[in-house]
Amino acid sequence: MTPQDIASKLKAKFGDKIVAETLDVHDPFCQVDPMSIAEVCAFMKDELGFNYLRCLSGVDYMDKKKTTDDLGVIYHLGAIPDASLLFCLKVILPRTGAKVATVENVWSTADWHEREAWDMFGIDFVGHHNQTRILCAEDWVGHALRKDYKSPDEYHGIRNNVV
Amino acid sequence: MSEVNQMQASKQGDVASEEMLLNMGPQHPSTHGVFRVVIKTDGEIVTDAESHIGYLHRCFEKICENVNYTMATPYTDRLDYLMAMGNNLGYAMSVERLMDVEIPERASYIRVIVTELSRIASHLLAIGTYGMDIGAITPFLYCFRDREKVLTILETICGQRLNYNYVRIGGVAYDMDDAMLKMCGEFCKYFMPRVMEYNDLLTYNGIFIQRTANVGILTAEQAIDFGCTGPVLRGSGIKRDLRKDAPYSLYDRFDFEVPVGAGEAGTVGDCFDRYMVRMREMIESVKIVEQALSQIEAGPFKTDKIKAKPKPSKGDAYTAVENARGELGFYLISDGSDTAFRLKCRSPAFSNVSVLHEMCRGAMVADVVAIIGSLDIVMGEIDR
Amino acid sequence: MNWEAIIFWALATMVIAPALAIVFSKNIVHMAFWLLATLVGVAGLYLLMGADFLGMTQIFVYVGGISVLLLFGIMLTNNEPVYLRKLVKRPKLLPALTVGALVFFVMLRALVSTEWAQNPVEPEATAPALGMYLLSEFILPFEIVSVVLLVVLIGAAFIARRDGTGDPK
Amino acid sequence: MPNQFTFVRDILDLGGDSFWGFVAAIAVWAAPITGFVSLIGLVAVWLERKISAHIQCRLGPMEVGPHGLLQTLADGIKLLGKEDLVPDKADRVLFALAPMIVFAATYVSFAVLPFSQDGVIVDLNIGIFFIAAVGSLEAIGVVMAGWSSNNKWSLFGAIRAATQVVSYEVPLGLTLLAGVVCAGTMSLNEMTMAQEGWIWSWFIFRNPFMWAVFLIYFTASLAECQRAPFDLPEAESELVSGFHTEYSGMRFAVFFLAEYGKMYVVSALGVVMFFGGWYSGIPMLDNIGGLPGNLIGAGIMVTKSMILVCVQMWIRWTLPRIRLDQVMDICLKYLLPLALGLLMLVALWQGILPGEKRFGIVMIVAMIFAFLKMRTMVRNVMSKSSQQIELPVFKV
C-alpha cells in the first residue's frame, strides 16, 4: 500500500476532514482536522492495519520571526510486524486553547505520549482519562517545550537563572 | 484525580481494610533508577499499580533546540546510557537522512561493530541485574566481568567507557585500527562459551525458571497496543526487528536470526521469554560482529561532505533504529539552520514501561520486581 | 528468702503484670506482645516446678507458634495500629462480669479440690513418662485430639481457598 | 545418668543454694558463650565475604589484616560508633527490644549445644526440644522489629518471617523427631554418644533414610535461619532489607550476630544429629579422653559445624530467591509429607535393626559411588529439566 493509496482512501472516507496531504517528502503525511483525528486513527487501525503508534510528538511551530504561532501534533503510524506500512498524520492547532481529540482509545500507548505532549506543550487532549503532568512535577508552571517558555526563577526555594 | 489518589481517598476512615498502599521507589534497589511504582496490595498480591516517572527529567529535547547538531550528540549518549552507541547512531542517522548524504562503507561497518558490542554490554547488564532482582547475586558479577571486556574494547576505540560520543554525523569520530579489530575478534571467540556459563548459572536454574515462567505475561496484542518494542515485544512472540524488517546501515548484509519468545518454560510473553530473547540476541550480535569483521575493508571512516556545523535542508523526518531496548526513534524538524528546530526522541523504554500496570495486576510483590527487571528500563531515556 | 522464692515471685510478677497490661493496653499489637510475656512467664513457672517438657512445649507452641500467628493475623488485616476502644464501642458489662465470675469460680474450685503435694519431690525428667502415658493409658484421648486437629486443619485449608481451585491467583 | 536434671535446677545447682551463687554461676557460664558467639559472628562474616567473593570471581576484603581477616572487626567498631537512629513514629520500646529478643533466642541455644564430651554447659535431657522451642522465639523478635519500625517494607518482612518460620517449624520438628527416634534420647550429648565408633556408626550412614532426613532438615533450617534461597524476610531486591530496614549501628550488628549465631546453632544441631557430633569417626582418636580429648572433640565439632555453615553460604551465593507462595508450597506440599514418611521409615528401620552399625559401610560405599557419578547425574537431571527449554542456538 503506497502512501498515495492511503491518502486517497482517507480522502474517500473522510472528505474535507483531511485538510491537506503532502506525499513527496521523507515521511508522507496528511493533515487532519483536530477533532476528527480519533476517528481517522481508528479507521487507520481497523481498516488499513496501522496497529502500532510509533511516535506521537507535540510541536511548537513558532519560529524566530514569529510568522506563525501554531502548535502541532504529529502521529507516526506503523504496523507490527509489517514494517513497510508507514504513514504520518499531522494536526495543526491554534496556540491558545489547543484542543485535539485523544487517540488513547485507539492505541493504549498514546496515553503516556499524550500526557507528555500536554506536559511539554499544553496541548489539551479532549477525552483523555488522566491528563496530568508526566515528566515535570505536578505543580510545575508552564509548558517547557514551547518556544516562548521562560524557565522560572525559583522552584520551591531552588534558585534558577542565576548568573 | 489519578487512580492512586482515589485509592488514598477511599482509604480514609476505613481501618479494617485489608489493602495496603506501597510506595516502591523512587529509591528502591529494584526499580533500576529513580522510578516509582505505587502498588496496592492485598497481602502479598498486587491488585493495582501505577508508575510515576520524571525524576530524571532534564528536558533533553529543549537542550537540543539550543545547541547545534554536532553539540547535541553527547546529549544523546545520556539517553540510554547503557547503549550509548545506539543512541549516537540513531541521532546521526536522523540528521544524515535529512541531509541526504551517503556515509563511507568502512564507517558503516565500524558503526555496526560498535553498536553490536554495545548491545552485548547492555544485555549483559540487563541479564545480570535481572538475576540480582530474582535474588541470584553471583551471575551479576559474571556478567560484569564480561561487560568489562566489552567496555575495555570500546574504551580503546573511543576513549570512553559509557558515554562514547563516537558515532558522529557523517561517520565515526576515529578510525579503528587492526589491533582494535583483532580485540573484537578475540572477544567474540571468548564470549561464545561464556553464554553457556550464564545458562548454567541462571537459565537452567529451577528456582529462576519458577520465578520467571508464567510471571508477568504480556500478550502480543497488549504489547503492540502499548507500543512495546525490542526484546519486550519479541518476548511476546512477534518477530519484529528493525535491523531485519527495515534494514538500515548495513544490516541487510549480515546473516542473523531474530529470536522470539516461544513460551519455552511457561506461557509466551512471560518474564522468562523476555530474558531468553536477550540471551539469544547476544549470540546473534556476536555473529554480526564476526561477519562485519570479516567483511570490513580499508577506506575513509567519515564523509567529507559534512562540515563541522551541519545544516540539513528544511524538512522533517522520523528515523528509527533498533536499540537494545527496542525502537529508538528521532523525529527531527529542521528549519535549515545549524540547530534543530525540534527533536523528539521516541524512547523504547518509555513505551515499554507504560504497560507495567497491566502486567503487575494479580502478581505478587516479588513478581513486580521480576517484571520491572524483565522490562529492562533505563530511566535516562524514559525521563529524557 | 532463698533463690527459689525470688525466682518464683519474679516469674509470678512476669505473669500477672503483663496480664493486667493486656487488659489496660489500648493498642492491639501491644496486647499481643504482652500476652507473649505472660506465656513466657507461665513457661518459666513450669520449668521451676520441674516440668521441663511442659515448659518447653509452652514456649514452642504458644510463644513460638500461636502468638506469632496471632500477630500475623493482626498485622495482615490492619495496616494501622488499631485501638480496642474504637472496636468495642459499648462495653457490655453484665455478660462480661458473668463470664468472668464463672471462669473464676471454676478455677477456684479446681484450686481448692486439688491435693497439692506438701513436700517438694525431687524432680525427674518428665518427657519419657509423658510419652509412655500418651501411648498407653491415654492413647484414646490422644488419638481423638489428633483427629480433631486434622479436621481443623482441613477445614482451615478449605476456608482459606479463595475460589474453588485453591490457587491464590 | 548425668542428665536427670531439669533446666533451671541444673543451672541453679552450679552455684549451690544461695541466690548470689546462682547469679555468679550464670555469669561464669555466660561469659564463654558470649565470647564464642561473637567469635563465631566475626569468623562467619569474614568467611561469608570471602566465600561469596571467590564464588563471584573477586577477592573480597584484602586490606585490613592478612586476607582481610580483621575487616569484620573494623566494621564492628564502625557500627559501634554509629548514631543510634530510631525512626520517627516508631514504637521505641519494641524497636529497642526486638534485636535483643532475636539475639537472646539464638544465644540461649548455645547453653545446651555440646562441644565435646564434657564441654556442654547444661546437658539438658530435652536438649533438642529446647533448641527448637527457643529457636521459634526468634520469629517474635523479627515480627516485633518489623512492626515497630513503622515502615511498610519492614512490616512485609515481618509478615513473611512469621509465615515462613511458623510453617517450617513443622518439617523441622519432624526431622528432629527422626533423630530422636534413632538415638532414643532428646539429650544432645547422649545423642552424640549413640554414634560412637567408626565413621559408619554416624546416623547419616547407619540408617538408610537419614540422609534424606538430613536434606529436609538442612532445607528447613535454611528457612528457619532466613537464609537464601529462603531469605524472603530480608529480600534486599524486593523489601529493601525487610524487617531490619530501619535498623542501624549496634542494633543492626546485633541482628547480624544473631543471624550468624543461628546459622551455627542449626549446623551444630545437624552435626550432632547426623554427623556424629564431636566424634571424629576414628575410635582411637575419640578415646583419648581428658582435656586433650575434649579439646580435640571441640575442634572436630566446631570444624564440622563450620563446614555446614559454609555450605549454607555456598547455597546463598548460588541460588536465586524463591517467591513466598513457592516457599509455602515447598514446605506444605513436599517437605511435610516427605518428612512424615521418612520418620515412619526411620522408625521402622530402627525397629528392625536397632543396634546395627555395619550397614553404614554399605551406605558410605553407595554415597561415594553416588558422589563420583554426581556430575553426570546432575547433568542428566539438568538436561531433562531443560529439555522443554532446549536451546539450539546455545550449542556453541
Side-chain angles (χ1 to χ4, degrees), chain A residues 22 25-27 29 45 51-65 72 74-86 88 90 104-113 115-117 119-121 129-138 140 144-147 149 151, chain B residues 1-3 50-59 61-62 65 97-98 100 220-229 233 238-242 244-247 258 315-320 327 329-333 335 337 341-346 350-355 358 382-384:
Chain A
T22 313
V25 288
H26 289 293
D27 297 333
F29 67 90
K45 185 188 178 190
N51 56 359
Y52 167 45
L53 176 66
R54 302 182 86 184
C55 184
L56 187 155
S57 336
V59 180
D60 183 357
Y61 283 111
M62 187 167 84
D63 52 16
K64 286 190 182 109
K65 290 172 198 145
I74 323 287
Y75 303 79
H76 284 94
L77 312 185
I80 289 176
D82 182 6
S84 62
L85 200 57
L86 297 171
C88 179
K90 289 187 183 179
E104 67 158 342
N105 302 320
V106 186
W107 303 284
S108 303
T109 184
D111 175 3
W112 278 27
H113 277 104
R115 275 175 72 188
E116 190 191 325
D119 192 356
M120 292 295 146
F121 292 94
H129 81 285
N130 178 26
Q131 186 168 292
T132 48
R133 287 189 182 271
I134 184 165
L135 293 175
C136 292
E138 286 201 8
W140 195 263
L145 276 179
R146 284 197 180 193
K147 295 279 182 191
Y149 173 75
S151 57
Chain B
M1 195 155 66
S2 69
E3 270 176 70
E50 193 186 352
S51 1
H52 293 254
I53 61 170
Y55 294 92
L56 213 59
H57 180 56
R58 56 208 180 274
C59 224
E61 291 164 10
K62 188 84 176 177
E65 289 173 17
R97 188 161 167 219
L98 272 186
D100 278 323
E221 293 76 36
Q222 263 182 330
I224 297 172
D225 194 28
F226 277 90
C228 300
T229 43
L233 176 67
I238 294 179
K239 217 177 190 110
R240 155 81 170 203
D241 190 326
L242 287 178
K244 202 83 170 173
D245 298 343
V258 178
D316 63 336
Y318 174 82
T319 319
E327 177 182 328
F330 285 97
Y331 176 54
L332 180 64
I333 306 179
D335 58 355
S337 71
F341 181 76
R342 165 94 172 102
L343 180 71
K344 155 89 185 182
C345 168
R346 185 257 186 228
F350 181 80
S351 296
N352 289 354
V353 80
S354 70
V355 77
E358 293 281 333
I382 293 175
D383 294 342
R384 275 161 291 151

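Below, chains carry the letters A, B, ... as their sequence lines are ordered, and counting in each starts from 1. Values in this document were obtained by computation on a predicted structure and should not be read as measured data.
By the 4.0 Å N-to-carboxylate-O rule, Glu116(A) lies close enough to Arg384(B) to be salt-bridged with it. Here Arg240(B) does not pair with Asp82(A) in a salt bridge; the nearest charged N to carboxylate O distance is not below 4.0 Å.
With sequence neighbours excluded, the residues satisfying ring pair (Phe, Tyr, Trp, His ring centres under 6.0 Å) with His113(A) are Phe350(B). Applying the side-chain contact (heavy atoms from CB on, under 4.5 Å) criterion to Gln222(B), with sequence neighbours excluded, gives Leu218(B), Thr219(B), Glu358(B).
Between the Asp225(B) side chain and the Ser108(A) main chain, a donor and an acceptor come within less than 3.5 Å of each other. Judged purely by atom type and a 3.5 angstrom limit, Lys62(B) uses its side chain to pair as donor or acceptor with the backbone of Arg146(A). For Arg54(A) (side chain) and Arg346(B) (main-chain N/O), no donor-acceptor pair under 3.5 Å exists by modelled atom type.
Ranked by non-hydrogen atom pairs under 4.5 Å with chain A, the options Leu242(B), Val353(B), Val355(B) are led by Val353(B).
Neither the backbone nor the side chain of Arg133(A) comes within less than 4.5 Å of any heavy atom of chain B. With a threshold of 4.5 angstrom between heavy atoms, Ile53(B) approaches chain A through its backbone and through its side chain. Val59(A) touches chain B through backbone and side chain together, each having a heavy atom under 4.5 Å away. Within the 4.5 angstrom heavy-atom criterion, only backbone atoms of Ala79(A) (N, CA, C, O) approach chain B. The contact between Thr229(B) and chain A is made entirely by side chain atoms (from C-beta outward), counting heavy-atom distances below 4.5 Å. Using a 4.5 Å cut-off between heavy atoms, Tyr318(B) touches chain A through backbone and side chain atoms alike. Looking at Ile74(A), only its side chain comes within 4.5 Å of chain B, counting heavy atoms on both sides. Within the 4.5 angstrom heavy-atom criterion, only side-chain atoms of Glu327(B), from C-beta onward, approach chain A. Residue contact with chain B, scored on non-hydrogen atoms closer than 4.5 Å, involves the backbone of Asp60(A) exclusively.
Separation of atoms CG (Asp111(A)) and OG (Ser354(B)) is listed at 7.5 Å; rounding is to 0.5 Å. Residue Leu135(A) holds its CG atom at 6.0 Å from CG of Asp383(B), rounded to the nearest 0.5 Å. In this structure, CG in Asp316(B) is found 8.5 Å from NE2 in His26(A), a value given to the nearest 0.5 Å.
Taking all atoms of both residues into account, the shortest heavy-atom contact from Gly58(A) to Arg342(B) is O-NE, 2.6 Å.
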